[in-house]
Amino acid sequence: MTTSHYIAGRWVEGQGSDCISVTDPALGLPFAELMAASVAQVDQAVAAAREALPAWKHTSASDRAAYLRGFAEQLGQRREALIALQMRNNGKPRHEAEIDLDDAIATFSYYADLAEQLPSKNRDVPLAAPGFTARTRLEPVGVVGLIVPWNFPLVTSAWKLAPALAAGCTVVLKPSEVTPLIEQAYGQIADTLGLPAGVLNIVNGKAETGAALSNHAGLDKLSFTGSNSVGSQVMRSASAQCRPVTLELGGKSAIVVFDDCDVDQAVEWIVAGITWNAGQMCSATSRLLVQDGIADTLLARLQQALEKLRVGNPLAEEVDMGPLTSQAQWLKVASYFATAREEGLQCLAGGHALDREGWFVSPTLYADVPVDSRLWTEEIFGPVLCARRFSTEAQAIAEANDSRFGLVATVCSADLERAERVADALEVGHVWINSVQAVFVETSWGGTKGSGIGRELGPWGLSGYLSVKHVTRCLG
Ligand code: NAD
């Protein structure tokens, strides 16, 4: 049984009613347990954040930057332990767990720099009217609740935590119940660095704990990453309290491959876009649109590439893809395999769970999937790729945009003018041209349409935790 709630600078036992089992998905076996935080403990965490706010928001930008650099450095010092824990609890292959850690480190370093620049962003505002001066002042939004999912625990938490602390906000973070141990590193680092008590609080738990946080009247803002169904509940709570909310939700993203592409290179991008993290990425490019001229060749090579992937336990062997992270996710993906059979889809690779211990499924490819298929329209969150053919650029753009989601897209073409034109026409928050899933901390992250509200990363991520105050003075 693990103590895993960090409230007002102290580690405390959970007093909630839910017992959370932390599982190794490659074996399907639990390796730790903890009690969820109670609603009263969520109250304590919010109260601690409120109490810490006045002093924290008045720390100098350079002091906050020093804490953030400390987080980056301390993450690096915990490197091996954090990589091993992600491999064990998420089922990530080693190189993916390393990428996540490096991403979190880069995020804290980047927002340390932005924190230092913050005072210089306050400026005088020239007025057309005589007799007045005006100036802006950027202030922290206040106490923020951060609720995150399980697929990139170190990363999604860093993307919220680093800019929130840089802005001068105090926070209550609720990690996912599927991966509740990983973000404990952030509490341990806060301890090591002597971060003032209450600036960072961590409460673990399931839906009840999440709802207690998102409904809490003591928050000034909530930033949520997760599913659309929970996101809409979180938005309802925000609207009831009339306060801002950032939502990073699901996706059903397209990868558009024109027939001037090198087929082998395109296959590499397509496979990575649907099998990294076993396809459990909001940004998985799970809808392949391939131009007629290369469709047959590309689908045949894709089938071979998916069948060749090494799927297994990342802690026991060298693998390209690990298991799905939870049994619930495994059951969900299996239900889509059943739907595909009912719909009579043409399966070129996989299409089934693996007959072994743990929550493994095979990398899967369905061809010529109808646009009204549930597999074409719904987020599956697994290594399940659906393909369709197109003939013209206009048709590709129309089909890519025909989705209630709008998170990301990839465009593959040797004609860069065309690739840029298509990128401009896609209704999404981020487009990759001739590359796959390359996320840099300086660029923005977030979606259009049903994929969310607001942006993380870059200066936009910091703006989400800042409020603009204007001071207007009469000279008369
Ligand atoms: P989820 O919505 O089930 O859970 C997300 C978090 O919300 C968890 O911490 C959970 O405990 C909490 N929660 C559950 N019920 C709640 C409630 N009623 N009130 C408040 N909080 C509650 O999502 P998940 O299964 O953990 O994650 C997968 C989803 O996350 C996918 O849809 C994926 O696309 C999305 N995601 C989006 C991004 C992005 O940047 N857009 C990134 C990663 C994941």
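- Contact detail for P93 and P314: the closest heavy-atom pair is CA-CB, 3.9 Å.
- With sequence neighbours excluded, the residues satisfying side chain to side chain contact (heavy atoms under 4.5 Å, CB included) with A162 are L68, T107, F108, Y111.
- When only modelled atom types and interatomic distance are considered, S21 and T23 share no side-chain donor-acceptor pair under 3.5 Å.
- With no hydrogens or angles considered, no side-chain donor-acceptor pair links W269 and N434 at under 3.5 Å.
- The pair D191-R10 fails the salt-bridge criterion, with no side-chain N (NZ, NE, NH1 or NH2) lying under 4.0 Å from an Asp/Glu carboxylate O.
- Rounded to the nearest 0.5 Å, atoms CZ (R88) and CD1 (I182) are 11.5 Å apart.
- Residues T246 and K221 bring a donor and an acceptor atom of their side chains to less than 3.5 Å of each other.
- Salt bridge annotation for K252-D402: absent, with no cationic side-chain nitrogen under 4.0 angstrom from a carboxylate oxygen.
- In terms of heavy atoms, G322 sits closest to V311 at O-CG1, 4.3 Å.
- In terms of heavy atoms, H430 sits closest to S444 at ND1-O, 3.1 Å.
- Each of L85, D100, I83 was evaluated against K92; a single residue qualifies, D100, per the side-chain contact (heavy atoms from CB on, under 4.5 Å) test.
- Partners of R94 according to the salt bridge (charged side-chain N to carboxylate O under 4.0 Å, His left out) rule, which considers only residues two or more places apart in sequence or in another chain, are E80, E98.
- Sorted by first and then second residue, the ring-ring contact (aromatic ring centres under 6.0 Å, His included) pairs involving residues 127-151 (not counting sequence neighbours) are W150-F381.
- Residue-environment remark: CD (Q437) exceeds the threshold of 12 foreign heavy atoms within 6.0 Å.
- Using a 4.0 Å cut-off between charged side-chain N and carboxylate O, E378 and K332 make no salt bridge.
- Screening residues 151-163 for salt bridge (Lys or Arg N to Asp or Glu O under 4.0 Å) gives K160-E456 as the qualifying pairs, with residues at least two apart or on separate chains.
- The salt bridge (Lys or Arg N to Asp or Glu O under 4.0 Å) contacts involving residues 420-430 comprise E393-R421, E427-K449, where partners must be two or more places apart or lie in separate chains.
- Looking at every heavy atom in both residues, Q74 comes nearest to L193 through CG-CD2, 4.1 Å.
- Within the structure, every pair that satisfies the ring-ring contact (aromatic ring centres under 6.0 Å, His included) test and touches residues 12-63, not counting sequence neighbours, is listed here: W56-Y67.
- Here the straight-line distance linking atom CG of N151 with atom OG of S176 works out to 9.0 Å at 0.5 Å rounding.
- Smallest separation of non-hydrogen atoms from S157 and Y186: CB-CE1, 3.8 Å.
- For the atom pair L173 CG and Q184 CD, the distance stands at 11.0 Å (nearest 0.5 Å).
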